[in-house]
Amino acid sequence: MNTDRKLLLPLLLVFLILNGFFLAGKSILDKWHIDNYVLIVANCILLLTAIATFRMQRKALQDKNPNVFVRSVMGSVMIKMAVVIIAIMIYRFALPQQFSKMSVFAAMILYLIYLAVEVKVILKLNKSSNV
């Protein structure tokens with residue numbers, strides 16, 4: 001469990017840094033017509049899905065069959081994409097007057113940031129388990 005905390009630290013740091021920017025940089029985001037609250041919610045959703053898929057991939061990494069890990073990576077990408085699409089649809093239909101395409105675009109950039117951090121952590125975990 002202690003190694004889980006150590007491995008999840010990069011995800012938590014990204015979460016805290018981004019939320020700090022979203023709260024402190026509201027005036028900068030407003031210039032781009034980006035709603036900072038949408039980004040904070042997207043950041044929370046992406047953190048939770050990243051933690052869930054990380055646990056799934058970590059469990060698959062312990063399996064002797066390498067195909068299990070490949071399937072878990074593909075499954076995690078599909079899960080994250082489905083969660084993001086559902087969140088965008090909820091945002092679009094729940095708040096049609098406040099819908100901001102720039103906010104959605106910025107949230108997709110957050111998705112890429114979390115994807116990069118998660119891949120880095122999984123590769124690090126894979127290297128340490130192969131040694």
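- In the hydrophobic cluster analysis, where Ile, Leu, Val, Met, Phe, Trp and Tyr join through side-chain heavy atoms closer than 4.5 angstrom, Tyr37 is grouped together with Leu95.
- In the hydrophobic cluster analysis, where Ile, Leu, Val, Met, Phe, Trp and Tyr join through side-chain heavy atoms closer than 4.5 angstrom, Leu11 is grouped together with Val14.
- Among pairs with a residue in residues 17-43, those fulfilling salt bridge (charged side-chain N to carboxylate O under 4.0 Å, His left out) read Lys26-Asp30, at least two apart in sequence or across chains.
- Note that the CG atom of Leu18 and the CG atom of Leu23 stand 11.0 Å from one another [nearest 0.5 Å].
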Would you please test Phe69 and Ile122 for side-chain contact (heavy atoms from CB on, under 4.5 Å) and show each step? CA-CA 11 Å; Phe69 178 67; Ile122 289 295; 3.4 Å; yes

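- In this structure, the side chains of Phe15 and Leu46 stay at 4.5 Å or more apart for every pair of heavy atoms.
- Contact detail for Val121 and Leu7: the closest heavy-atom pair is CG1-O, 3.4 Å.
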For residues 74-87, run the donor-acceptor check on the side chains, cut-off 3.5 Å, and write out each pair with its distance to 0.1 Å, sequence neighbours left out.
{"from": "Ser76", "atom 1": "OG", "to": "Gln57", "atom 2": "NE2", "distance (Å)": "2.6"}
{"from": "Ser76", "atom 1": "OG", "to": "Ser72", "atom 2": "O", "distance (Å)": "3.4"}
{"from": "Ser76", "atom 1": "OG", "to": "Val73", "atom 2": "O", "distance (Å)": "2.8"}
{"from": "Lys80", "atom 1": "NZ", "to": "Glu118", "atom 2": "OE1", "distance (Å)": "2.5"}

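- Both Leu112 and Leu110 are part of a single hydrophobic cluster, where members link through side-chain heavy atoms under 4.5 Å apart.
- Within the structure, ring pair (Phe, Tyr, Trp, His ring centres under 6.0 Å) pairs that include any residue of residues 95-126 comprise Tyr91-Phe99 (at least two apart or interchain).
- One N or O on the side chain of Asn36 and one on the backbone of Phe22 form a donor-acceptor pair closer than 3.5 Å.
- From Phe54, atom CZ reaches atom CG of Leu47 across 12.0 Å, with rounding to the nearest 0.5 Å.
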Could you walk me through whether Leu29 and Trp32 pass side-chain contact (heavy atoms from CB on, under 4.5 Å), step by step? CA-CA 5 Å; Leu29 294 173; Trp32 288 83; 5.9 Å; no

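- Hydrophobic clustering (side-chain heavy atoms under 4.5 Å, transitive across Ile, Leu, Val, Met, Phe, Trp, Tyr) keeps Met56 apart from Val68.
- With rounding to the nearest 0.5 angstrom, the CZ atom of Arg55 is 6.0 Å from the CG atom of Leu8.
- If you take CD1 on Ile109 and CG on Leu39, they are separated by 9.5 Å, rounding to the nearest 0.5 Å.
- Follow the hydrophobic side-chain contacts under 4.5 Å out from Ile34 and you never reach Ile17; the two are in separate clusters.
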